[in-house]
Amino acid sequence: MHRHGCSYSHAPLSLEPRLRVQEIAPGVYMIRVEDEATRFFEALWEIPEGITYNAYVVTGPERVVLLDTVRRGFEEEFLSALSSIVDPRDIDAVVVHHAEPDHSGALPAVLERARRATVYAHPMARGMLEALYGIRIESFKPVKDGMELGLGGGHRLVFLETAWLHWPETVMSLLEPGRVLFTGDAFGAYTVPGVLVDSGDPEAFKYYTYFMRKYFATIIGAYRRWVTKALDRLETVKPKVLAPLHGMAIERHVQEAIGLYRGWASGRLDTGRAVVVYSSMYGAVEEAVQRIAGMLEARGLDVSVYGFTGADRANIADLLGEVLDAGYLVVGAATYEASVFPLIWHVLDMICSKASAGQRVLVVSSYAWGGAAARRIAEKLQGCGLDVAAVVESKGRIPGSALEEAVEKLLSTGAGL
Ligand code: FEO
């Protein structure tokens, strides 16, 4: 059983951003800012593992292109790294795959120096960037699917429209020759990997996919139906390298990464795994879920437990990543003011929005004078597409026999409630 506790007490690994630059393919440079000071990405997601912001420079035979920038606050470091590759005044084009400020924050500083650069981006992006930064983009070229940006000598970037991964203006671009696909947020991950390109070590990549999945659930999860559509388009271009805006570039595990995205987008579940999330004010629910977790483990499942208690507070971002493709979910919460314990209600909102995939659910609840939580939790989860298989609600302590029966129902292959 894996018990996942609070991330709030993690001290930042490093308050000073680190920069790394590497040529990841011929004429393609990744500039990576490593941010280990941000504790809550989007002011929401717990990331004790840190995050990177990646930008790329492509030096073609005749033209130099910068692809995205980094978050505001890192301009100085970014410009210094950029200048180690190319004189910013020589940049011909700046591609903005996605206008969100973690990638466009340094754009105003870049455009002040790259005076002759044209900005290539989705038509929506111009207004967004100008409004975000109070700037006027003098030279802007709206891109559409299939449009090319020539770099000389047959080298070119081909644009792909990939709306809603995860903003409406998101585009990708494919560098030919080489088939390096610049994927925006897609195929990105939290954490600061030790390498800029995957090493080919299967175990290392498997470990990394935990952070890819966490990123997918929290950032892209709400738009999963658009992922399948984009993947159909991506597979026609047969990328050799996936170059995302967070994490590391993927060269040796491209098909595996695309397969993972297909699974996460389509709601493929791992019936060998269960996630338990619960709150417990005075111990009744905690005692019950611990017994349930033990029973699930005894049946051979890999069980992860996330608790909201007087001693601990679960990391919701990790929880969402794990729930995304877990076959089973156990939700435990007491009735609170004639409704559901509020932190659990928030977690259920997030699961419904970002990780609902038909998981089978067991709901367990206790109350002191009047029950309400079990019914409300079951209705909510059933309403957003999960399969509620068993509900146990009890006044005070929850009897073991009821828990055993509920676990049997959860693991049975019959229909839900
Ligand atoms: Fe990494 Fe949607 O920005």
Side-chain angles (χ1 to χ4, degrees), residues 17 19-20 30-47 49-56 66-75 77-78 94-108 110 119-122 124-129 131-133 143 159-173 181-193 196 208 211-227 230 234 242-250 257 261 264-265 317 320-321 324 350 353-354:
L19 261 174
R20 292 176 74 173
M30 181 197 283
I31 302 174
R32 183 170 100 174
V33 171
E34 301 175 352
D35 176 6
E36 293 178 310
T38 295
R39 298 166 67 195
F40 304 99
F41 187 62
E42 295 187 334
L44 190 54
W45 309 117
E46 308 92 337
I47 52 164
E49 66 271 35
I51 191 165
T52 75
Y53 313 108
N54 309 334
Y56 298 88
L66 170 65
L67 300 104
D68 299 296
T69 69
V70 295
R71 185 174 177 165
R72 184 153 51 181
F74 297 109
E75 294 94 332
E77 294 87 352
F78 180 69
V94 179
V95 174
V96 176
H97 291 104
H98 171 37
E100 193 164 9
D102 52 335
H103 310 295
S104 65
L107 183 68
V110 166
V119 174
Y120 287 71
H122 188 281
M124 286 179 71
R126 181 179 202 163
M128 292 163 71
L129 293 166
L132 278 167
Y133 302 112
V143 306
F159 292 99
L160 289 76
E161 285 184 11
T162 49
W164 294 108
L165 293 186
H166 62 121
W167 276 20
E169 90 309 354
T170 311
V171 296
M172 296 187 187
S173 65
L181 183 65
F182 300 98
T183 59
D185 279 329
F187 302 103
Y190 296 118
T191 198
V192 179
L196 279 72
Y208 180 72
F211 300 104
M212 277 180 73
R213 187 182 58 183
K214 175 178 174 180
Y215 186 84
F216 181 99
T218 52
I219 305 300
I220 297 176
Y223 301 102
R224 274 171 292 159
R225 67 192 177 92
W226 293 88
V227 173
L234 296 194
L242 303 172
L245 293 175
H246 301 284
M248 65 182 175
I250 298 171
Y261 257 58
W264 296 334
L320 290 173
L324 182 74
M350 292 294 99
S353 164
K354 292 170 180 292

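In each ligand, atom 1 is the first atom listed, and ligand 1 is the first ligand listed.
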- Note on the structure: With sequence neighbours left out, the residues meeting side chain to side chain donor-acceptor pair (under 3.5 Å) with Tyr215 are Asp185, His246
- Item | Set of side chain to side chain donor-acceptor pair (under 3.5 Å) partners for Thr170, sequence neighbours left out | none
- Query: Of all residues at least two apart in sequence or in a different chain, which pass the side chain to side chain contact (heavy atoms under 4.5 Å, CB included) check with Glu169?
  - Reply: His98, Ala99, His122, Met124, Ala125, Met128, Trp167
- Establish, from distance only, whether the side-chain atoms of His97 and Asp68 form a donor-acceptor pair under 3.5 Å. yes
- Query: Once the angle between the rings of Phe74 and Tyr53 is folded into 0 to 90°, is it parallel (under 30°), tilted (30 to 60°) or perpendicular (over 60°)?
  - Reply: tilted
- Message: I need the minimum non-hydrogen distance between Phe78 and Leu19, along with the two atoms involved.
- Response: N-CD1, 4.5 Å
- Task: Kindly give the atom name of the N, O or S atom of His166 closest to atom 2 (Fe) of ligand 1.
- Result: NE2
- Near atom 1 (Fe) of ligand 1, which protein N/O/S atoms are found at less than 2.8 Å? Asp102 OD2, His103 NE2, Asp185 OD1, His246 NE2
